Structure formats: structure tokens, C-alpha cells
Protein chains: 2
Amino acid sequence: MKQPPEISISRVAVYLRFLEDYLKENGPQSTINSSQLAKFLNINHHQIRKDLSYFGKFGEPGVGYRADELKERISKILGLRKKWNLCLCGLGNLGSALFAYKGFKVMNLNIVAIFDSNPRKIGRTINQVKVYDPANMQGVIDKMGVNMAIIAVPTEAAQDTVDKLVRSDVRAILNFAPIKLSIPAGVKLRNVDLATELINLTYFLSSSA
Amino acid sequence: MKQPPEISISRVAVYLRFLEDYLKENGPQSTINSSQLAKFLNINHHQIRKDLSYFGKFGEPGVGYRADELKERISKILGLRKKWNLCLCGLGNLGSALFAYKGFKVMNLNIVAIFDSNPRKIGRTINQVKVYDPANMQGVIDKMGVNMAIIAVPTEAAQDTVDKLVRSDVRAILNFAPIKLSIPAGVKLRNVDLATELINLTYFLSSSA
DNA sequence: TGATGTGAATTTTTTCACAGCA
DNA sequence: TGCTGTGAAAAAATTCACATCA
């Protein structure tokens, strides 16, 4: 059982999301096998079993998986049984949207602090969450027990923000700025770039036209 | 020169984004070589050259790349020299945010129509863009010349939305719903799932604690 | 029998090493 | 000399095939 590749972790997260819906429709006693799951998710069944095998044994030969058990165990493995405290850096267009997005809370991911350098925003409270001056980042992060961060600041402020976060001991960061940030070892950074995703599509349309 | 892998297309899009900034700072005559670019972007220089090699020859041995020429040629290859008309499906939290997000327009990506099934939203106009009833999708898409779509509807409505889009001849779709959608061959679909990205981080923190 | 879990084979992606050009 | 572009090597991910177990 080797260290799971990052991409398997992502897929297992997708399996988990699916299982939640599946359980609601089919009841807590339901079972599912890798071929059914593969069909629903539009991928191949070898991959599902291989992905799961990095994390342990979950099924019964000849039967499949107990859906509720699989869900619970994956959920635990992915670290979703405990609550996480996030800070959101940048309360512009994107930051505001991410704050409003309901998909996080469901997963025990709670934004507990917001940082924005705009003096007009600092001090405001939105849905019980306060907007702080980035200059006070370290103190706020300590006080609130923040363990993850979302970067939604303008590109030119992103590296500075990540440096501040790292100095405040945040070790897991999701970055929306279209730039590859430098981080020290031991810190995990994931990037989401919306425009880049769309460019894959424009290339597809242009090259297949 | 083989078909470029999807991941190379994504990276080349990142190179393009960087070159735009680089040109602003260093002037239109500036050059850059793969090692410099690699350093800035925090990746390795072999990869940059390999990625570019899928698309053609761009540099001068012993010198590097003319930044403006590289930018222009990449931009053309990625299909960003023409204007694209997008429709946004779903004007909830996330949809509203995506609509407000300024990173798209810069890349010639324009949202020209919005679909939302909420009767209170249908008929409204936001920033010159009208909100339409999804029932009229095909007609609107034809009329507005929509060639790409963004799906930001609730998960349970996503497959239905994609089916409608496909029937309306949209062949490139960016999906934010946490579900693997079924599409026919010839249609390109990319998925962005924000919660899944964060789950990679919770796994990292849990397993390294 | 029917499905899992996993080594092995295959394919893809990344990294390397170097020929060739300015 | 210095850097590009690319075939080859290495590494990683995906797919396959099958032993194994209920």
C-alpha cells in the first residue's frame, strides 16, 4: 500500500460526494459495487478499486461495498470528521462569492476570518465573520485557530499574502490567483485558475474547428 | 510534433498569463529564456520547452524567446484572438460571483446570456446581460451566438442543463457542479470542484499531523 | 459465481541529455 | 558559448488480468 497520488485523493473525494447522494436515495443499508459506481461517475471500475486500495480494504468480494461504511471510512480518511477553520484572504468579487458558497460548510469547512486590505471593509462583520486588516494576520490566525487559507487577492498581492500565511503557520492553502506561488516544504498549496480552465476550452474549439 | 496533452495546454495558458505581466514590466522588445521563465513560474525548464514543442518552434537557440512574439503566438494557438460568447447557467452564489469576476473579459471571454429557472430572476438585466428562462435555451443560444457555457446550477439540475446545452450545439462546457456529467463525443467538458480542492488539503493536514 | 484487491503491463507524463543552431 | 528543440530514459498514472475470498 503506497502513498496515494494526489489525483487519487481528488477522485476519492468525488466518490464520497456521490455516496452521500446515493445513500439518501437508496437507504443506509444499500450496497454498491465498483462497476455501478464507475458507471454513475463515468469512469472505469479498475480505477475506483485502485484508488481505494491506496487507503485500505473496503469491500466484500462477490458483493461490493456497504455504501454507508464506505462513506464513513473515506470521510474519516480525508480528514472530514473534524472541523476545519479557514481564513479567506481577499473580499473582492471572487472572495465574496467563495464566502457565500454553501458547498464548504457541508464538508465541515468553516470560514472564521476574512482579511482584506481595503480600510472600508476592515472591521465589518458579515454573517458573524469579521474582516481583519492583513497586518494583524498572525494574531488573528492564532486566536481563531485557523488551519487553512483561501487566497482570492489580486495577483500582485498573492505572494505577499502566502508569505504572511506561512509565517503565521498556515500549512494548507488554496490559491485562486493565476500565479505559481513559492512555498517552503511542508506547506501544501493547490491552485485553481478559472480563466485557465476556460482556455482549455477555447483551444479545443479553435483546434477542432 | 504530437497532439499536446491537456495538461500542457493548461500550462501554456499559464505561460501566457505570465508573459502579459512580464511584457508590461520589461517592455515590448524584451526576451526571456526557458530557465528564467521556469524560475518565475516555479517549475522546471525542460517542461516549458517540452510544452511549447507540442505547438511549434518559438525561440532562438543561444538567445531565448522574444516575449511579445511568444505571447502573440501562444495567444493565437489557444484561440484567444477571437471573441468568445459564453452563457452562464445558474445565477446563485457561485454564478453571480463568476459573472462579476473580471478575469474572463481580459481573455476575450464574454458572458452574453444568463439562464436561471427562478421566475424572479428571469427577465432581469445585469450589466447589459439578460437573464433568460432555461426553457428558451436553444433559441437564445442561436440568437446570441453562444459557443461556450459555464454550469453553476445545483448538482441535481446539472445533467439536465448539460443535455440542453448539447442539444443547443454548445460544444465546450465548464462545470462547477460536483458531479461527473455525461456528454457525447465531440463535446469538451472541464470540471472545477471547489470543495474537492479543499479536501485535498484536509487530507494533507490529517495525514501529516 | 461474482466482485474485490493488487501485481504486472501499458500508456502517459515528466525529466534528462545532447545534437544543432545563432 | 548558450540556449532551443527533441529523442530517449525515467517516473508516474492508468488499465489490465487474475488470484482470492465470501
Side-chain angles (χ1 to χ4, degrees), chain A residues 1-15 19 22 26 29-71 73-74 77 180 190-191 196 200 203, chain B residues 1-15 18-19 22 26 29-71 73-74 77 180 191 196 200 203:
Chain A
M1 202 159 55
K2 290 190 298 182
Q3 177 70 8
E6 197 130 319
I7 195 160
S8 288
I9 299 164
S10 299
R11 278 193 302 258
V12 169
V14 173
Y15 306 159
L19 286 169
Y22 183 85
N26 300 79
Q29 306 294 328
S30 54
T31 63
I32 189 166
N33 66 42
S34 59
S35 298
Q36 294 172 289
L37 191 47
K39 203 164 185 182
F40 281 123
L41 295 179
N42 240 12
I43 58 180
N44 100 27
H45 57 109
H46 301 97
Q47 187 146 64
I48 289 174
R49 293 202 302 281
K50 182 59 115 184
D51 284 339
L52 291 176
S53 77
Y54 290 112
F55 301 96
K57 302 192 180 197
F58 300 87
E60 260 188 287
V63 183
Y65 307 93
R66 279 270 318 240
D68 58 348
E69 189 203 321
L70 184 56
K71 186 201 107 181
R73 288 185 55 200
I74 293 178
I77 287 164
K180 270 266 185 179
R190 302 225 7 136
N191 295 290
T196 298
N200 272 270
Y203 173 75
Chain B
M1 204 159 53
K2 291 191 296 184
Q3 178 72 8
E6 197 130 319
I7 195 161
S8 289
I9 299 165
S10 299
R11 278 191 302 256
V12 169
V14 173
Y15 307 159
F18 175 79
L19 287 169
Y22 183 84
N26 301 79
Q29 306 294 329
S30 53
T31 63
I32 189 167
N33 66 42
S34 59
S35 297
Q36 294 173 290
L37 191 48
K39 204 163 184 182
F40 281 123
L41 296 179
N42 239 12
I43 58 180
N44 97 30
H45 57 110
H46 300 97
Q47 188 148 62
I48 290 175
R49 292 201 304 279
K50 182 58 118 183
D51 284 339
L52 292 175
S53 78
Y54 290 113
F55 300 96
K57 301 192 180 195
F58 300 87
E60 260 188 286
V63 182
Y65 306 93
R66 278 270 316 238
D68 59 348
E69 189 202 323
L70 184 58
K71 186 202 109 181
R73 289 184 56 199
I74 292 178
I77 287 164
K180 269 264 186 180
N191 296 290
T196 298
N200 272 271
Y203 173 75

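Keep in mind it's a predicted model, so treat the numbers as computed, not measured. First the proteins, then the strands, lettered A, B, ... as listed; each starts at 1.
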Given atom [atom1] of [X] and atom [atom2] of [N], what is their separation to the nearest angstrom?
X	N	atom1	atom2	answer
B/Lys50	D/dC3	NZ	C1'	16 Å
B/Arg66	D/dC3	CZ	P	18 Å
B/His45	C/dT14	NE2	P	15 Å
A/Ile43	D/dA13	CD1	C1'	13 Å
B/Leu52	C/dT13	CG	C1'	16 Å
A/Tyr54	C/dT6	OH	C1'	10 Å
A/Asn44	C/dT11	CG	P	14 Å
B/Leu70	D/dC3	CG	C1'	14 Å

Quick check for you: among [options], whose closest atom lies nearest to any side-chain atom of [X]?
X	options	result
A/Arg49	D/dC3, C/dG5, D/dA13	C/dG5
A/His46	D/dC3, D/dT14, D/dT15	D/dT15
B/Pro61	D/dT6, C/dT14, D/dT4	D/dT4
A/Gln47	D/dT14, C/dT14, D/dC16	D/dT14

Item checked: Donor-acceptor pair, side chain of A/Arg66 and main chain of A/Ile32, under 3.5 angstrom ->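 Checked: no pair found.
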
Determine the minimum heavy-atom distance between [X] and [Y], stating which atoms define it.
X	Y	answer
A/Phe58	A/Glu69	O-OE2, 4.3 Å
B/Asn33	B/Tyr65	CA-CD1, 4.2 Å
B/Ser34	B/Ile48	O-CD1, 3.7 Å

I want to check one thing: is the phosphate of [N], taken as OP1 and OP2, less than 4.0 Å away from some side-chain N or O of [X]?
X	N	result
B/Ser34	D/dT4	yes
B/Arg11	C/dT14	yes
B/Tyr65	D/dG5	yes
B/Lys57	D/dT6	yes

Margin query: Quick check: on DNA chain D, is the nucleotide nearest A/Ser8 upstream (toward 5') of the one nearest A/Gly62, or the reverse? Name the residue that is more 5'.
Written below: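 Going by which nucleotide is closer to the 5' end, it is A/Ser8.
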
Notebook entry, point to check: Start at the 5' end of DNA chain C and walk down; is the nucleotide closest to A/Asp51 or to A/Val63 reached first?
Noted result: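 Result of the comparison: A/Val63.
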
Note to self: So that I know where these two stand, are A/Tyr203 and B/Phe55 an aromatic pair - ring centroids less than 6.0 Å apart?
What the structure shows: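 They qualify: ring centres under 6.0 Å apart.
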
Check: Just checking B/Ser35: base, sugar-phosphate only, or nothing, at a heavy-atom cut-off of under 4.0 Å?
Finding: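 B/Ser35: no heavy atom of the nucleic acid under 4.0 Å.
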
